[in-house]
Amino acid sequence: MIDNFNERGGFALMYRLRALRRFRPILFAGVSSLPLVLAGCASFSPDAGLSIAQTVTREEIGKDVVKTTSDADAALAQMRVESQLKKPLTPDSAVQIALLKNRGLQAAFNDLGVSEAAYVEATLPPRPIFVLSRLSGGLELEIERQILIGLFELATLPARAAIAEQRFRAAQFRTAEAVLRLAAETRRQYYQAIAVNQQVAFLEQALATAEATSQLAQQLGESGALNKLEQAREHAFYVELGAQLARARIDQKVARERLTRQLGLWGRDIDFRLPNALPPLPASLASAKDIERQALERRVDLQALRTDLNAVAGQYGLTNATRFISDIELAGLSKYDRKTFINVDDGKTEVTRDKLNRRGLEIAFQIPIYDFGATGVRNAEETYMAAANRVAERAVNIRSEAREAYSRYRGHYDLARLYQSRVVPLRQTIQDESLLQYSGMLVDVSQLIIDARARILSNVDAINARRDFWIASTDLKAALVGGGSGGSEIGGGTSLAAAGGDSSGGH
């Protein structure tokens with residue numbers, strides 16, 4: 001059967017086209033350009049499509065990304081992580097660990113690999129389909145052979161490949177955005193964890209001082225030098241401060257676990273060390289000059305939408321050019337028929353066969369007589385305009401996000417400097433003077449507690465202000481290059497505002 005098939009070389013040509021007047025030139029062009037099409041097929045990139053993500057990551061945050069595809073890659077990444085964990089984490093080392101170990105990012109790299117496979121497949125010529133059928137019954141035998149090749153797909157291959165390339169490029173920019181988003185969120189969680197650690201350390205010092213004062217108040221009460229009301233106030237302040245420390249320790253554990261998840265660490269690696277305090281404020285601020293222009297030029301999410309728009313534009317061009325004839329099939333058929341006759345004459349049996357080879361041409365096409373392709377064209381137009389409007393919307397939002405991010409960046413810097421240079425020193429001075437007056441019996445313990453509570457609140461607020469500045473700095477970077485902006489104030493700071501309200505008289 002196969003030998004017979006190869007000898008006779010039956011064929012069928014499947015040709016799909018929506019513009020009947022272009023049928024003949026595209027048909028011949030598709031056949032004649034087959035060698036060139038085969039030579040222009042895309043292949044898988046050696047870096048798994050990560051070239052854009054690697055370039056953006058290296059230029060914007062000074063880090064590198066690696067796709068883990070084997071045990072050797074995983075072992076090398078683990079070695080790099082362990083070297084970073086030997087010393088307290090910095091914002092940069094935390095980001096690098098997350099880029100190496102976060103499994104969600106690796107899943108994004110796998111999704112990019114799927115997009116690359118779809119792109120490579122779109123650049124390949126249509127697969128030939130071999131059809132062989134055999135029908136027999138009684139003394140009859142019918143064999144039909146076909147080779148089906150999608151000439152319409154072959155003729156439109158360059159255009160479809162260009163569209164697929166644009167979509168793959170958009171996927172590359174989105175992968176770069178995923179890298180930047182992970183880096184930004186890691187920095188935010190890093191600063192959160194450091195701030196809570198610093199709050200806990202400060203509250204522990206304050207609690208130790210309050211404990212000593214409470215014990216002194218108890219001794220003075222036993223000697224009759226301090227009445228019960230003042231003793232109760234001193235003890236209440238100590239107990240309430242202990243409750244605030246317990247709450248801060250809960251926040252400390254939560255913040256550390258959130259950072260651990262961002263880093264993608266588990267097992268013994270979760271015992272990483274963090275600095276005792278947030279980084280100091282920078283001596284100078286980034287400039288707001290041309291901040292909108294920088295964001296429009298550098299944002300990877302906007303570049304992804306632009307490439308999406310190019311892909312939709314290419315698809316719209318194909319739809320608009322092939323609107324009247326929606327489908328044409330041209331098939332060449334080769335059929336072999338054999339009939340067997342048995343004649344019995346004078347006791348002799350004579351077998352004769354009637355063989356017939358038939359070849360023909362079959363053409364079938366669809367005409368959209370109800371709308372003449374209007375629905376397809378309208379669908380393409382609306383899809384294109386939707387993509388164009390999304391690009392315009394994102395451009396407008398990016399400008400606003402850049403301005404907002406810089407406003408918060410500048411505002412939190414001024415606020416942090418105010419606490420650092422004015423509020424905290426003044427509160428320290430007030431408490432020192434209050435303690436001297438209390439020692440000289442000039443003020444009672446109530447005023448001393450009020451001043452102590454106000455100083456604690458000011459120091460906690462100063463820590464939160466510095467934390468918010470560094471988070472705002474991260475958000476500004478994300479607003480300029482991509483990766484998502486925080487867009488809201490970070491809460492969760494420890495506060496004594498509700499502690500002992502009546503007994504302290506406020507602050």
Side-chain angles (χ1 to χ4, degrees), residues 56-63 88-99 176-199 255-256 258-259 262-263 274-302 397-421 423-424 460-493:
V56 170
T57 305
R58 190 179 303 111
E59 292 179 352
E60 299 297 350
I61 61 178
K63 298 292 177 291
L89 292 183
T90 65
D92 289 336
S93 64
V95 168
Q96 185 62 78
I97 290 173
L99 297 183
E177 183 185 8
V179 173
L180 296 177
R181 183 182 300 111
L182 175 62
E185 188 57 30
T186 299
R187 286 182 180 272
R188 295 186 189 104
Q189 293 298 335
Y190 174 85
Y191 293 130
Q192 280 276 43
I194 299 297
V196 177
N197 287 349
Q198 194 171 350
Q199 290 174 7
R256 185 178 180 89
R258 289 178 177 175
L259 177 59
Q262 289 297 130
L263 298 177
L274 294 172
N276 296 325
L278 289 164
L281 296 176
S284 60
L285 291 179
S287 173
K289 182 179 180 181
D290 296 331
I291 192 170
E292 295 181 30
R293 179 186 58 80
Q294 293 181 46
L296 290 175
E297 291 177 352
R298 298 164 62 185
R299 282 281 289 260
V300 292
D301 53 341
L302 182 61
N397 291 346
I398 283 174
R399 292 174 179 270
S400 176
E401 289 171 7
R403 296 192 301 268
E404 176 189 350
Y406 189 84
S407 297
R408 290 192 292 113
Y409 168 78
R410 181 60 198 238
H412 283 304
Y413 178 81
D414 292 340
L415 183 61
R417 284 193 62 86
L418 177 64
Y419 271 101
Q420 177 178 295
S421 61
V423 177
V424 172
V460 171
D461 289 342
I463 294 172
N464 290 338
R466 188 183 297 185
R467 174 206 64 191
D468 291 344
F469 164 75
W470 285 113
I471 293 178
S473 177
T474 301
D475 293 342
L476 177 61
K477 182 69 174 181
L480 293 179
V481 303
S485 175
S488 61
E489 298 298 327
I490 304 298

Does a side-chain heavy-atom distance below 4.5 Å link Ser284 with Tyr413? no
Holding to side-chain hydrogen bond (donor to acceptor under 3.5 Å, both in side chains), I want the full list of residues that pass it with Asp301, two or more places apart in sequence or in another chain. Arg299, Arg394
Only counting residues at least two apart or in another chain, list the ones meeting side-chain hydrogen bond (donor to acceptor under 3.5 Å, both in side chains) with Arg403. Glu292
Does Asp290 have any side chain to side chain contact (heavy atoms under 4.5 Å, CB included) partners at least two apart in sequence or in another chain, and if so, which? Arg293, Gln294
Which atoms form the tightest heavy-atom contact between Ala465 and Tyr419, and what is the distance? CB-CD1, 4.0 Å
Single hit among Leu415, Asp461, Leu278 for side-chain contact (heavy atoms from CB on, under 4.5 Å) with Arg466: Leu278
Nearest atoms (heavy-atom pairs only) where Ala295 meets Ala479: CB-O, 3.7 Å
Taking all heavy atoms of Ala98 and all of Leu182, pick out the closest pair and write down the distance. O-CD2, 3.6 Å
For Ile463 against Ala195, the heavy-atom pair lying closest together: CG2-O, 3.7 Å
If I take atom CD from residue Gln96 and atom CG from residue Leu89, how far apart are they, to the nearest 0.5 angstrom? 12.0 Å
Within a strict 4.5 Å, meaning less than it, do heavy atoms of the Glu401 and Asp475 side chains meet? no
Please identify each residue that fulfils side-chain hydrogen bond (donor to acceptor under 3.5 Å, both in side chains) with Gln189, with sequence neighbours left out. Glu185
Heavy-atom distance under 4.5 Å between the side chains of Arg467 and Ile194, does that happen here? no
Are Lys477 and Glu60 close enough that some pair of their side-chain heavy atoms sits under 4.5 Å apart? yes
Checking side-chain contact (heavy atoms from CB on, under 4.5 Å) for the pair Gln198/Asn464: CA distance, chi angles, key distance, verdict? CA-CA 10 Å; Gln198 194 171 350; Asn464 290 338; over 6 Å; no
By side-chain hydrogen bond (donor to acceptor under 3.5 Å, both in side chains), which residues pair with Ser473, not counting sequence neighbours? none
Do other residues, nucleotides or ligands put more than 12 heavy atoms under 6.0 Å from Arg258 CZ? no
With a 4.5 Å heavy-atom cut-off, do Leu259 and Gln192 have their side chains touching? no
Is the shortest side-chain heavy-atom distance between Ile471 and His412 below 4.5 Å? no
Side chain to side chain, Val179 and Val56, heavy atoms closer than 4.5 Å: no
Which heavy atom of Tyr191 sits nearest to which heavy atom of Pro91, and what is that distance? OH-CG, 3.6 Å
Nearest 0.5 Å, what's the OG1-CG distance between Thr186 and Asp92? 11.5 Å
Nearest heavy-atom approach of Pro88 to Pro275 is CB-N, 4.3 Å
Residues which pass ring-ring contact (aromatic ring centres under 6.0 Å, His included) with Tyr409, listed by chain and number, not counting sequence neighbours: Tyr406, Phe469
Less than 4.5 Å apart, any side-chain heavy atom of Leu476 and any of Ile291? yes
Rounding to 0.5 Å, atoms CG (Leu302) and CD (Glu177) come to a distance of 10.5 Å
